[in-house]
Amino acid sequence: MEASRGNVQSAEQRAGMKKTKKTDKKRSKQDEEAEEEDQPFDLNSKAMEEDEDDDDLSDSEDSVYSGLEDSGSDSEKEEEDGGSDDANEDEQDQSEQSLVKESKKKEGAGEEKEMKKEDEYDHDTSDEEDIRNTVGNIPMEWYKDFPHVGYNLDGKKIYKPIRNKDELDDFLEKMENPDYWKTVHDKKTSSDIVLSDEQIELVNRLQRGQFGDVNFNEYEPTVEFFSKDVLIHPVTNRPADKRSFIPSLIEKEKVSKLVHAIKMGWIKPRRVEDDSRGRFYDLWASESSSILAKHKMHLPAPKIPLPGHEESYNPPPEYMFTDEEKALWEQQDPSDRRLPFVPKKYPSLRQVPAFSQFIHERFERCLDLYLCPRQRKMRVNVNPEDLIPKLPKPKDLQPFPTTQSLVYRGHSGLVRSISVSPSGQWLVSGSDDGSVRLWEVCSSRCMKTVQVGGAVKSVAWNPNPSLCLVAVAVDSAVLILSPALADKQVLLSSERLLTTQQEEGPSEESQTVVWSETDGEELNQDIRLKIQHPKAVHQVTWHSKGDYLASVMPDHSSHLQVFIHQLSRRRSQNPFRRNKGLVQAVSFHPIRPYFFVATQRSVRIYNLVKQEMTKKLQANSKWISSIAVHSGGDHVICGSYDCRLSWFDLDLSTKPYKMLRHHKKAVRSVAYHRGYPLFASASDDGSVIICHGTVYNDLLQNPLIVPVKVLRGHVITHDLGVLDVTFHPTQPWVFSSGADATIRLFT
Amino acid sequence: MGGLQKKKYERGSATNYITRNRARKKLMLSLPDFRRLCILKGIYPHEPKHKKKVNKGSTAPRTFYLLKDIRFLLHEPIVSKFREYKIFVRKLKRAYGKTEWSAVERLKENKPAYKLDHIVKERYPTFIDALRDIEDALCMCFLFSTFARTGKCHVQTIQLCRRLTVEWMNYVIVSRALRKVFLSIKGIYYQAEVMGQLITWLVPYQFSHDHPTDVDYRVMATFTELYTTLLGFVNFRLYQSLNLVYPPKLDSKSELELKEENEDNYAMNSESYLEKLSALSSSLARVVSSEEEEEAKLDQFPVEGEDMEKMEAREKEQKLLETQKKIFEGLKFFVNREVPRESLAFVIRCFGGQVSWDKSVCIGSTYDVTDETITHQIVDRPNVDKQYMNRYYIQPQWVYDCVNAKILLPVEDYFLGVTLPPHLSPFVEEKEGDYVPPEKLKIMALQRGEKPAQQDEEEEEEEEEEEDDEDEEEEEDEEEEAEEKNLKKMEEQRSQGKSLQVKVTPGKVKAENPARLELEEKAEEKRLAIMMMKKKEKYLYDKIMFGKKRKVREANKLAAKRKAHDDAEKAKKKSRK
């Protein structure tokens, strides 16, 4: 009974076990299905299950399955830590535990039963074994240092096998045990399991990616349920949906929307292919002028210039570039080139290549047409001859000097200054070689040479015809020469003037300016008086009466720049209290008591009687070099170092009436003729320009200025040309002295 | 004082102009659309006279449009088309993005298109206006018709351009309007006189284009869009004026002739007609089939004096023109395959010649090489294997030079293997003082009916004479110099002191040339007067004179170069002898 009971029990147990197993399996199946994608073995395991379902009755198959699952779970555990495995594991544990219980029971139970059980477990390495260890899914390394590997269901320690295998044992076993290759170590229980042949076969199949079941045919012929042929019988026997009999609401809505859109003109009906683009007709059939004429601002685009000979494929040889021209062309910026291409010559038409810039040029033209701002430019269509002012012919304005007739040679340095005697018979010149020479005008004979021992800056012949005196500026002294080149009466009168006793008026000027009579050697040389100045004298000039004499000592810092000396009383005076700029030149008014002082930029006119400034003329030039006053006294000309000559009409304005830019270089000297309406300017460019300057008594008529002659003759030395120019007092002759140590007379 | 203070830049030129950006904003267009509109409507920027005033005191560089122009653009119906197109593109993009292919198709079918007819009419109110402005259109269409039918622009555009240019060329042939042809390194220039307007256009040589990358083809395409429309209407009108059928149809006679050939294997049916037309070898069908109309002769009006002379000159010109139109009449040309066929066929047919080519070169050849009546065969290779006795073998330049010279030039200079005489530009009209190349002089002499040999001799004589003149002048100069030297010496001796030996040498009689003296005097007078010029006028005068001098200098340079070249050639010849 017992046995039967036991049997029954065991059967019950088994049945129960099977049930649990089944439920477990179902669970696991679900789990596995849930993560189908992740698990590589899912298909196989399913197949296993199928197998198992099929052979439910035999236990052996069960065991096979469990073993499989074991190995499978082992491999899985390493790969992933999914939740499903936990469930598996739990289940395994449970089964293990139950197994242990059973075995304990069995020990106490009958032998028969035991035998049977033994039999059963001999080959059955079912999953119940695993339940023995309750540590769960943990890395077993954690138990490395302990003697046990976990706990059984009762909480007792499961000990490791007594003797741990070391490497050597392992090796030995490897060598000796023929089943070593199919032995798998179970870490949980730390026991070795030898795989059976079927299991190995299964593993191999799985590794090859084949189905676990040998009998499964992967390539069964497909049955096409849904083909193009309409069959009499439905594939499924499902009745047709209701919606297939009812008109669709959604569709209706869509159609109504389209209809609405067409009605509203949102959707246009399909267009007929429009062929009218390439179709032309007589556009100008009714040429009506009523069309708004283009507004007057319209500028038609200029046409492309027509090609010249140089563009030909076979141009005349003269149009080809030389090497230099080609190099120049290549150097130039494309916008600077006169020709946008290099002319080329081809011996025949077939050798002409395509022009690489063709599309470029067309494109440029397009850009020009719509991007380039247009502006109407009035081309000046004047005859250049019409621009030249109509002046009276120089022929009609004669007399004026035209040709060089005499050259006075003798000086060895540049001749700074010249002056003509009032009679017009004698000429005095002062040079840098330290000599003053007296010349006879008509014969160019040097009458006298006076060595003054220093560079002569300026000479001036006394304009009084009843006197014969020459003032010479040397260094810081002004010498009065009496050259004795006149008749006796004149000589007498000048002698008288020189010998008059001076008034000893103690004045402050007398301290700065010292008058002294010369003697000895100097007297022999006709030097009669010496007026010693504090500084270097640059210019001397006489008053027209011949008694007064002005000297200039340009100096930035002091007011002692100009002295006016009275010869008859041997008295000097400084008319200015204040320094008004660097004085360049001074001049006396020929008739009235006025005094002209030219500073760098302007000319001041002082009234000597009232002792006040009457006018200040703005020269509009940078640096005045010289000044000359017209014999009428109403006109002044100024030469300047910036190539200009300015003519002032004192009645008109303080600004120049005319600026003449005839010279290429600095104007050194200017001069008026005393009688003829002529004036001359001498410049560093080596030329003397004679201009006709008629002055009218009528106040309404402005002076007429006409250049009449350019006189050349002086050689430019050391960048200096003509240094001084002066007119003959009566004849229309002009004298000029230059840096080439000559004096020339032009008649 | 009273009154409101006037504000700056609220009246006058500042209000007449508008900057580009402001114009764009006013029109509510994107920059490319604005550009397109400007191109189509012919609106261009204006350069104001006082830029600073217009720019409200700023000197920043800006482009200005006339406000009136922009206002005028506001009413343009095409602007709305542009906007429609913009929306179309947006919808299409969207449909593509959503992969709604049906929508894409529907949209594409309804692609907004615009016509330019009204713009052409507006820009060119009369036909003559259109003709005056057709040069650019022709150049552009000829260029586009040579493009490959891939990439760069639409095939339809290229085809349309080709069609229009062929129509134009056919018209020029029928009306015999061609006047001048010039082979340049860029391409071939043609000048035709259509309705009294001289129209010049440039055709590139037949090569595939090396498309530059820095060219905006959209701009060119927009221009072409306008130009094709313009040219189409002009062509229509021109064909109408000659009673020709438009679109052009071949004469029924010549059509039959052409049909005989095996045309099926030549091209697609649709294209072959255009090809036949573009062969330029056959005459066109007329609406009214009338044979050569009598040219209306100028009526004689009784005139007097100057008008009479003018009249005569005009008549003479007319006669010359008539002869020029017929220079190739009666001549039969055969064009070898290495020669640009289209250009030569065009030119020869324009002047009344008959032309044909090898059958394999192009459709439309009318006779073979073996034809005995051929008078000229145009060849561009060093020699020809099989030569026929009764025809000239000439290089293509002969045809063009004949056209430009308006006479048949002697063929000797243009035989095979001969170094060609330079090809001169017929567009250069030399004024007095300009450099005239000797070849041109030769042609002018030929035109006058002189014989070339005499001319050569004369030239040489002239040259010699000139040389003599120069020699004389030089001698005179030398004499003067010598005299001066003598004078100087004497002066020096004089100044040296008393030790000089006074010697009286018999003075030479100085032959004064009164004419020369007078000239010198005048020159000096002028120089002096120039000195007295005002600054402004002087500047202008200098500028004018600079230009004149440069012209003279250039002419002299060319002459000198030519002389050097000729001398070198002569020396070569001599050394060879």
Side-chain angles (χ1 to χ4, degrees), chain A residues 268 270-271 274 276-278 280-284 287 291 295 297 303 306-309 311-319 341 344 347-350 352-356 358-360 362-363 365-367 369-375 380 384 387-389 391 393-394 407 409 662 706-708, chain B residues 38-39 44-47 63 66 68 109-110 120-121 125-127 135 143 160 182-187 189 204-205 207 209-210 212 215 219-220 223 232-233 236-237 240 338 380 396 420 422-425 427-428 437 439 495 525 528-533 537 540-541 544-545 558 561-562 565:
Chain A
K268 286 189 187 83
R270 184 163 297 176
R271 231 178 21 179
D274 192 10
S276 59
R277 280 214 67 192
F280 301 109
Y281 51 92
D282 194 357
L283 189 69
W284 293 281
E287 268 184 19
I291 289 178
H295 55 88
M297 295 292 273
K303 295 196 169 179
L306 292 169
H309 296 313
E311 206 181 310
S312 167
Y313 87 101
N314 182 15
E318 61 267 33
Y319 287 97
F341 54 88
K344 274 182 191 147
S348 68
L349 187 59
R350 76 167 184 279
V352 183
F355 186 61
S356 58
F358 198 94
I359 296 178
H360 259 295
R362 209 82 301 275
F363 180 60
R365 171 71 179 169
C366 286
L367 289 189
L369 282 179
Y370 88 97
L371 272 185
C372 195
R374 298 184 197 169
Q375 186 181 37
V380 188
L387 291 174
I388 299 172
L391 295 175
K393 281 189 177 178
V407 181
R409 292 175 200 278
H662 299 166
V706 184
V708 287
Chain B
C38 283
I39 290 170
Y44 46 84
H46 280 256
E47 185 82 3
T63 43
L66 276 182
K68 266 187 185 170
E109 268 165 15
N110 289 315
V120 171
K121 175 85 179 179
T126 63
F127 180 57
E135 286 190 358
L143 171 65
L160 184 62
F182 178 49
L183 299 169
S184 84
I185 50 173
K186 293 180 184 172
Y189 286 90
Y205 289 116
F207 290 104
H209 291 281
D210 189 11
V215 163
V219 171
M220 302 251 279
F223 268 104
F233 285 120
F236 186 93
R237 178 76 182 228
Q240 212 187 26
E338 70 274 8
D380 198 2
L420 288 168
H423 181 62
L424 297 173
S425 166
F427 303 115
V428 181
E439 285 82 12
S495 60
E525 225 171 81
L528 292 169
I530 287 168
M531 288 200 310
M532 283 305 284
M533 271 165 100
E537 285 174 350
L540 183 63
Y541 179 82
I544 294 172
M545 291 321 271
L558 282 176
K561 258 167 123 180
R562 178 66 183 216
H565 179 264

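Naming convention: chains lettered A, B, ... in sequence-line order (proteins, then strands); numbering from 1 in each chain. Note that this is a predicted model, so its numbers are computed, not measured.
- For the residue pair B:M220 and A:R362, the shortest heavy atom distance occurs at SD-C, 4.4 Å.
- Heavy-atom distances place the side chain of A:L391, and not its backbone, under 4.5 Å from chain B.
- Per-residue heavy-atom pair counts under 4.5 Å with chain A were compared for B:P396, B:G232, B:A529, and the maximum is reached by B:G232.
- Two residues are said to be in side-chain contact when any heavy atoms from C-beta on lie closer than 4.5 Å; B:Y44 and A:C372 fail this criterion.
- B:S425 places none of its side-chain heavy atoms less than 4.5 Å from the side chain of A:E311.
- In this structure, chain A has a heavy atom under 4.5 Å from the side chain of B:E439, while its backbone stays farther away.
- Each of B:V428, B:D380, B:L540, B:T63 has some count of heavy-atom pairs under 4.5 Å with chain A, and the biggest count is that of B:D380.
- Taking B:F207 as the reference, nothing meets the ring-ring contact (aromatic ring centres under 6.0 Å, His included) condition, with sequence neighbours excluded.
- For A:R365, the part sitting under 4.5 Å from any heavy atom of chain B is the side chain, from C-beta outward, and nothing else.
- If you measure heavy-atom distances from B:P437 to chain A, the contacts under 4.5 Å come from both the backbone and the side chain.
- In plain terms, the two heavy atoms of A:L283 and B:K121 that are nearest each other are O-NZ, 3.3 Å.
- The heavy-atom pair separating B:P45 from A:L371 by the smallest distance is CG-O, 3.2 Å.
- In this structure, the portions of A:F363 lying under 4.5 Å from any heavy atom of chain B include both its backbone and its side chain.
- Heavy-atom distances place both the backbone and the side chain of B:P204 under 4.5 Å from chain A.
- Residues satisfying the ring-ring contact (aromatic ring centres under 6.0 Å, His included) test with A:H309, not counting sequence neighbours, are A:Y319.
- When A:G308, A:P347, A:P315 are compared by the number of non-hydrogen pairs under 4.5 Å with chain B, A:G308 comes out ahead.
- A distance of 5.0 Å separates NE2 in B:H209 from CD1 in A:I359, rounded to the nearest 0.5 Å.
- Atom CZ of B:F223 is separated from atom CG of A:L369 by 5.0 Å, given to the nearest 0.5 angstrom.
- Relative ring orientation between A:Y281 and B:F233 is described as perpendicular, the plane-to-plane angle rising above 60° on a 0-90° scale split at 30° and 60°.
- For chain A, the nearby parts of B:E109 are the backbone and the side chain; heavy atoms of each come within less than 4.5 Å.
- With a 4.5 Å cut-off on non-hydrogen atoms, B:V219 touches chain A through its side chain but not through its backbone.
- Atom CD1 in A:I388 sits 6.0 Å away from atom CE in B:M533 (nearest 0.5 Å).
- Proximity to chain A (any heavy atom under 4.5 Å) is restricted, for B:I544, to the side chain, taken from C-beta onward.
- In this structure the side chain of B:M532 never reaches within 4.5 angstrom of the side chain of A:V706, judged on heavy atoms.
- If you measure heavy-atom distances from B:Y189 to chain A, the contacts under 4.5 Å come from the side chain alone.
- A 4.5 Å side-chain heavy-atom check between A:W284 and B:V120 finds at least one atom pair inside the cut-off.
- In this structure, B:E338 and A:R350 approach most closely via the heavy-atom pair O-CB, 4.4 Å.
- Residue A:N314 is tested with B:L424, B:L420, B:I185 for a side chain to side chain contact (heavy atoms under 4.5 Å, CB included); the sole match is B:L420.
- The aromatic rings of B:H423 and A:Y313 sit tilted, their planes meeting at an angle between 30° and 60°.
- When each of B:E537, B:E47, B:M531, B:K186 is checked for heavy-atom pairs under 4.5 Å with chain A, B:K186 comes out on top.
- For the residue pair B:R562 and A:P317, the shortest heavy atom distance occurs at NH1-CD, 3.1 Å.
- Comparing A:P307, A:P353, A:A354 by how many heavy-atom pairs each has under 4.5 Å with chain B, the most go to A:P307.
- Smallest separation of non-hydrogen atoms from B:K561 and A:E318: NZ-O, 3.3 Å.
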